[in-house]
Amino acid sequence: MSRRWFAIVAGFTIPGVVIAVWWVVSALKLLPVSQLPSPEMVVLALFDMAQRGWLAQDIAISAQRVVIGFLGGATLGLIFGAVVGLSRKGDLFLAPTLGAIRAVPSLAWIPLLLIWLKIGEDSKITLIAIGAFFPVYTTVASALRHVDKQLVEAARAFGHTGLRLFATVQLPAIIPSVVSGLRLALAQAWLFLVAAELIASSMGLGFRLIDSQNNGRVDRIFLVIILLAILGKATDALIGIFERWVQRRLA
């Protein structure tokens, strides 16, 4: 078996064990259905939501919100991280304030965003962007502070300054940190999405969670949680593809 296939099989081992244990526990009725629906019930809930048109709608709207918010937040995080990491004045003026804002819990933003931006896409996407901003900002700023100074000085000796120095020397040097920040930002984007949709939404996976809770549909709650896990892993895999593409371009 090749290493690639071994990695795939290893990755599915724990989910497979969890599903098997879940099936045994539900088949033996060790827990009531109101707390632990069977895998068959969750699959039936999947088909039911698909037939009603809810499944595609919820996935599409949630994915759209995450993508827009993630791209906006990550872009701003890269810009501010570069300013703080490269500029002493930027560090002195911006880092303390951004550090304080970073400590604000996600749910604390929701009342303010609803007052400012109302119940609509703008408030949800802004909240997701806030969640995606800080992992990228933190990792980029920290990585830039630790770029090899001798490498930077050598580049300056060859006439590289400003944006050219950043694009050709400093940014390639911090690519691993940037990718790590993007992965954390994407995970945060999904977390902040659910926070936004739980409170102020009429569609999306977060809304479906609270709607299923109100209607006592534990099978749909399990389904949405599984979908969020799959979507989160799929989008993380896209970041991995982007990382390999960048490494090939810089090689």
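Residues: numbered from 1 along the sequence shown. What you are looking at is a predicted structure, and each value in this text was computed from that prediction instead of being measured.
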Nearest non-hydrogen partners of Leu144 and Gly81, listed with the distance: CD1-O, 3.9 Å

ring-ring contact (aromatic ring centres under 6.0 Å, His included) contacts in which one or both residues fall within residues 17-37, not counting sequence neighbours: Trp22-Phe222

Mark yes or no for whether Ser123, through its side chain, and Gly120, through its backbone, hold a donor-acceptor pair below 3.5 Å. yes

Please identify which of these residues, Leu186, Val66, Ile230, meets the side chain to side chain contact (heavy atoms under 4.5 Å, CB included) condition with Thr235. Leu186

Okay, side chain of Asp236, backbone of Gly232: is any donor-acceptor separation there less than 3.5 Å? no

Test Lys124 against Glu197 for salt bridge (charged side-chain N to carboxylate O under 4.0 Å, His left out), laying out the working first. CA-CA 7 Å; Lys124 298 176 186 62; Glu197 291 184 342; over 6 Å; no

By side chain to side chain contact (heavy atoms under 4.5 Å, CB included), which residues pair with Leu165, not counting sequence neighbours? Val152, Ala155, Arg156, His160, Val169, Gln170

Nearest 0.5 Å, please: how far is CD1 in Ile125 from CG in Leu117? 10.5 Å

Selection residues 44-55 - residue pairs positive for side-chain hydrogen bond (donor to acceptor under 3.5 Å, both in side chains), sequence neighbours left out: Asp48-Arg52, Asp48-Arg220

Should we say atom CG of Leu28 is surrounded by more than 12 heavy atoms from elsewhere, each under 6.0 Å from it? yes

Enclosure of Arg145 CZ (heavy-atom neighbours >12, cutoff 6.0 Å): yes

Which pairs, with at least one residue in residues 97-139 and sequence neighbours excluded, count as a ring-ring contact (aromatic ring centres under 6.0 Å, His included)? Phe80-Phe133, Phe133-Tyr137

I want to check something: taking the side chain as every heavy atom from C-beta on, are Leu55 and Leu46 in contact at a cut-off of under 4.5 Å? yes

Residues clustered with Val33, ILVMFWY side-chain links under 4.5 angstrom: Met41

Thr139 side-chain N/O to Val136 backbone N/O, donor-acceptor pair under 3.5 Å: yes

Contact list for residues 85-108, test ring-ring contact (aromatic ring centres under 6.0 Å, His included), sequence neighbours left out: none

Looking at every heavy atom in both Ala195 and Ile110, which two are closest together, and how far apart are they? O-CD1, 3.5 Å

